[in-house]
Amino acid sequence: MARIQGVNQWKCFVTLLFSALLVICVCIGVVMNLTTLEDENFDHMGIETFCMFTVNSNIFMGIAMFLAIPYCIDGLRNKYFRLPDWLVRLLFVAATALSLTFLVSLLILAPVKGFVLIFTGSRFFLHGVCPILAIIVFCFVLKDLHLGFGSTFLSLIPVFIYACIYYMLVAVVGEENGGWNDFYGFLTRIPPWISISAFLPVTFGIATVLRLLHNRSCRRYRERASKDYLAAFEARDTREMIIHMAAQNSKKDTTGNIVIPYQVLRILLSGSEQEESFEEYCILYMKECLKHELYQE
């Protein structure tokens with residue numbers, strides 16, 4: 001059991017480390033853009049930096065990772081770590097947006113403006129470091145939720161919204177009427193029909209790859225965790241394992257707050273041949289915890 005808690009705390013610590021690092025890198029990149037009022041190579045600096053998808057996607061990811069930090073701190077305190085499902089999906093959408101930013105920078109902008117220019121200064125963080133960190137965190141560090149196929153469509157929302165705004169301000173309004181110039185070159189350097197027809201499928205493909213890598217890590221983690229729990233509880237009956245685990249955790253708890261290990265119970269349910277539901281496992285765990293004197297009134 002000590003090994004299981006050690007692995008769980010290590011995962012919590014690594015997530016906290018990557019979350020803090022990514023938030024810091026996003027802040028550095030955005031602040032550098034805001035404080036650079038003029039740049040001969042880029043038209044939109046200062047406050048105008050917020051018109052770029054690169055900046056917005058990085059801020060989106062920074063906010064999502066910042067929201068994960070309290071769960072990491074609480075996980076270190078309680079020796080149990082799990083991100084809520086909505087936050088994992090939010091990180092999935094943000095990671096997809098940043099991956100698109102990275103590929104556009106690498107394959108479209110860098111060949112035109114030069115790799116050194118695209119990946120130095122604030123762009124070193126926004127085009128390179130932050131997207132790579134986001135991919136690593138989502139695909140290989142976060143292992144809490146197995147994402148279904150339907151989740152992939154969520155990743156299209158930010159790209160679709162930005163594409164509509166970009167097209168309206170560049171092609172319909174026009175720079176001469178107060179709109180945007182085609183700073184990404186999607187409507188001038190590339191035939192517009194290619195940009196319009198390609199970006200959503202490309203985004204969907206990126207999201208699919210990220211989801212498959214994430215789910216693969218999730219499956220491997222659950223398989224290892226299942227073996228560890230079976231070994232820790234000496235292959236007891238599933239109900240006996242839950243009762244024993246609740247008793248052990250209650251004895252070690254000093255807060256008086258019952259924390260139901262949802263992820264652990266899901267792992268036990270997946271490897272169980274009994275007919276109990278996930279809700280019944282949660283109720284059983286809570287009832288056993290309530291028997292401990294710490295939770296008695």
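The basis for the numbers below is simple: all heavy atoms, side chains too, and nothing from hydrogens, waters or symmetry mates.
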For this session: Take T101 and S57, measure what side chain to side chain donor-acceptor pair (under 3.5 Å) needs, and give me the verdict at the end.
Result: CA-CA 8 Å; T101 290; S57 61; 3.1 Å; yes
Exercise. Could you state the interatomic distance from CD1 (I242) to CD (E280), rounded to the nearest 0.5 Å?
Worked result: 10.0 Å
Exercise. Between L200 and L156, which heavy-atom pair has the shortest distance, and what is it?
Worked result: O-CD2, 3.6 Å
Problem set entry | OH (Y162) with more than 12 external heavy atoms under 6.0 Å | yes
Seminar exercise, completed: In this structure, OG of S105 is separated from CG of L98 (nearest 0.5 Å) by 10.0 Å
Exercise. Is I63 reachable from L83 through a run of hydrophobic residues whose side-chain heavy atoms are each under 4.5 Å from the next?
Worked result: yes
Problem set entry | V159-I194 co-clustered via ILVMFWY side chain contacts under 4.5 Å | yes
Problem set entry | Shortest non-hydrogen contact between S155 and T203, atoms and distance | O-CG2, 3.8 Å
Problem set entry | Residues F102, T54; criterion side-chain contact (heavy atoms from CB on, under 4.5 Å); working and verdict | CA-CA 9 Å; F102 177 70; T54 297; over 6 Å; no
Exercise. Is there a chain of hydrophobic side chains (I, L, V, M, F, W, Y, each step under 4.5 Å between heavy atoms) that links F125 to L103?
Worked result: yes
Problem set entry | Heavy-atom check, side chain of M65 versus side chain of F18, under 4.5 Å | no
For this session: Could you grab the distance from atom CD1 of I132 to atom NE2 of H127, nearest 0.5 Å is fine?
Result: 12.5 Å
For this session: Working to the nearest 0.5 Å, report the span between CZ of R123 and CG of L109.
Result: 10.5 Å
Exercise. Any side-chain heavy atom of I69 sitting closer than 4.5 Å to one from L16?
Worked result: yes
Exercise. Does T49 use its side chain to pair, donor to acceptor, with the backbone of G46 at less than 3.5 Å?
Worked result: no
For this session: Quick one: closest heavy-atom pair of F60 and P158, and the distance?
Result: CE2-CG, 4.2 Å
Exercise. Can you check whether I157 reaches V93 side chain to side chain, under 4.5 Å on heavy atoms?
Worked result: no
Exercise. So, the side chain of N33 versus the backbone of V55: is there a donor-acceptor pair under 3.5 Å, distance only?
Worked result: no
Exercise. L90 versus L67: any side-chain heavy-atom pair under 4.5 Å?
Worked result: yes
For this session: Classify the angle between the aromatic ring planes of F153 and F149 as parallel (below 30°), tilted (30 to 60°) or perpendicular (above 60°).
Result: perpendicular
Problem set entry | Over 12 non-hydrogen atoms of neighbours within 6.0 angstrom of CZ in F204 | yes
Exercise. If you take all heavy atoms of L91 and A64, which pair is closest and at what distance?
Worked result: CD2-CB, 3.5 Å
For this session: Would you please test T96 and L100 for side-chain contact (heavy atoms from CB on, under 4.5 Å) and show each step?
Result: CA-CA 6 Å; T96 301; L100 179 63; 5.8 Å; no
Exercise. Would L154 and F92 count as a side-chain contact (heavy atoms from CB on, under 4.5 Å) if you check the C-alpha gap in whole Å, the side-chain angles of each, and the deciding distance to 0.1 Å?
Worked result: CA-CA 9 Å; L154 293 174; F92 173 44; 5.6 Å; no
Problem set entry | Distance, nearest 0.5 Å, that separates CZ of R220 from CZ of R216 | 4.0 Å
For this session: Would you kindly confirm whether V14 and I73 end up in one hydrophobic cluster when ILVMFWY residues are joined by side chain heavy atoms under 4.5 Å apart?
Result: yes
Exercise. Is any side-chain heavy atom of F66 less than 4.5 Å from a side-chain heavy atom of S19?
Worked result: no
Problem set entry | Main-chain N/O of F138 paired to H214 side chain as donor or acceptor, under 3.5 Å | yes
Exercise. Side-chain contact, heavy-atom cut-off 4.5 Å: W180 with I165?
Worked result: yes
Exercise. Between the main-chain N or O of V173 and the side-chain N or O of N177, is there a donor-acceptor pair closer than 3.5 Å?
Worked result: yes
Exercise. Is a donor on one side and an acceptor on the other found under 3.5 Å between the side chain of D182 and the backbone of L187?
Worked result: yes
Exercise. Just by distance, do the side chain of R89 and the backbone of S151 share a donor-acceptor pair under 3.5 Å?
Worked result: no
Exercise. So, N215 side chain and L147 main chain: donor-acceptor pair closer than 3.5 Å or not?
Worked result: yes
Problem set entry | Which atom of L22 lies closest to which atom of C130, heavy atoms considered | CD1-O, 3.9 Å
Exercise. Step by step, would you call C25 with L21 a side-chain contact (heavy atoms from CB on, under 4.5 Å)?
Worked result: CA-CA 6 Å; C25 288; L21 183 60; 4.2 Å; yes
Exercise. Are L106 and F119 side-chain neighbours, meaning at least one heavy-atom pair lies under 4.5 Å?
Worked result: yes
Exercise. Rounded to the nearest 0.5 Å, how far apart are CZ of F199 and OG of S197?
Worked result: 10.0 Å
Exercise. Linking I/L/V/M/F/W/Y whenever their side-chain heavy atoms sit closer than 4.5 Å, directly or via other members, would M61 and L17 fall into one cluster?
Worked result: no
Seminar exercise, completed: Closest heavy-atom pair, C139 versus L210, reported as atoms and distance to 0.1 Å, is SG-CD2, 3.5 Å
